[in-house]
Amino acid sequence: MNDEYSFETLAIHAGQPADPTTGAVMTPIYQTTTYRQEGVGRHKGYDYSRTANPTRAALEACLAKLEAGRGALAFASGMAAIDAVLRLLKPGDHVLAVNDLYGGTYRLFESVYAKFGLAFTYASAEDPPAFLSNVRPETRLIWLESPTNPMLSLCDIGVIARTAHAADPQLRVCVDNTFATPYLQRPLTLGADLVVHSTTKYLGGHSDVVGGAVIADDADLVERLAFLQNAAGAVPGPMDCFLVLRGIKTLPVRMDRHAANAEQIAAFLAGHPGVISVRYPGLPSHPQSDLARKQMRNNGGMLSFIPRGGPKKAKLVVEGTKLFSLAESLGAVESLIEMPAEMTHASTAGTPLTIDPALIRVSVGLEGIADLIADLDAALSSD
Ligand SMILES: *Cc1c(COP(=O)(O)O)cnc(C)c1O
């Protein structure tokens, strides 16, 4: 596929030529585990579907193009993708991670990999020199999210990657790009070594499939990740790959509308007397709105806020909306609302990563903006 094509064109076509046997325009769901060989070891590139499957291969080729990487590996979930990156390390290695990160990632680091001899440090990445002062001689991986979940903090991916590589060329920088998607920012082009996604979120986009992916540009990294994907086996099925591929086709138009709706909801909340504070990269009050303009195409569809009245009021708000569904997850066509401290980020309770118990996180969907604002307004005025 021509690299000069726009993101919108690649999202629809990359990795997905018409099916050579039938001309089918949509990539077929190759629901098969194995492949007939013409002779021993003589086959068309597929011998067993844990190792490779044509529907998965199409998704991986598409994701590699969208993230400007040499290769992508698809996984059964975002956590399985993150797990594969951690398996690149060995006991004794140290990981420096941004301190506001997805609760499941924190749980995997602390409750699984800490037992296997990896050490983790968490720090704010808003100020790159202060963040990188935590790098040790045994640090092998830097783990970033931008925007973070649920505080919507940003970090300068380019500055952190350049500084880290100048200090130690062996140091790998991995960005969880789930919130931004490659449509808003492409970490590999900014200098990162690895990108992970929960394709469950914006890439799938319709709350109907769980999946994950890792993308890298370095050939050696791609090969090691492909080895781990096959060796550990947390692969997605062909139906799931098909659903993610289909979702990706509309990613650009969805992300534009998610952001347009989120801009208006952020402004509405910021002006509401029942709201103490709003976190959205597009608001002038966001401390890194300049970095958002520099690093992201738009400000995305996620925001969080703290209502007046503490956790009790916050609970009334999230239980009071009619259009916004009270649910975990994010990034799909329908609007969702939740309380991170008790839901998505419950695993950080009692740790230094504890979330304000009154914080409400919103995944702004694609419904009519007037309906969404009226729904939030009614929930905020209830008591
Ligand atoms: C959801 C999510 C994950 C985990 O992905 P699953 O598909 O649920 O396993 C990781 N990182 C971020 C930022 C997420 O939102």
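Each residue takes its place number in the sequence, starting with 1. In what follows, every heavy atom counts, from backbone to side chain, and hydrogens, waters and symmetry copies are set aside. Start at 1 and go down the list; that is how both ligands and their atoms are numbered. What you are looking at is a predicted structure, and each value in this text was computed from that prediction instead of being measured.
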What about the rings of W143 and F120, do their centers lie closer together than 6.0 Å?
no

Ring pair (Phe, Tyr, Trp, His ring centres under 6.0 Å) with F7: which residues, sequence neighbours excluded?
Y183

Which Ile, Leu, Val, Met, Phe, Trp or Tyr residues join V25 in one cluster when any pair of side-chain heavy atoms under 4.5 Å counts as a link?
none

Is the distance between the ring centroids of F305 and H272 under 6.0 Å?
no

Non-hydrogen side-chain atoms of R361 and H345 separated by less than 4.5 Å:
yes

Could you list each N/O atom of ligand 1 together with any protein N/O atom closer than 3.5 Å, one pair per line with the distance?
| residue | atom | partner | partner atom | Å |
| --- | --- | --- | --- | --- |
| ligand 1 | 5 (O) | S198 | OG | 3.0 |
| ligand 1 | 7 (O) | G78 | N | 2.9 |
| ligand 1 | 7 (O) | S198 | OG | 2.8 |
| ligand 1 | 7 (O) | T200 | OG1 | 2.6 |
| ligand 1 | 9 (O) | G78 | N | 3.0 |
| ligand 1 | 9 (O) | M79 | N | 2.9 |
| ligand 1 | 11 (N) | D176 | OD2 | 2.7 |
| ligand 1 | 15 (O) | K201 | NZ | 2.7 |

Which residues pass the ring pair (Phe, Tyr, Trp, His ring centres under 6.0 Å) test with H94, sequence neighbours left out?
none

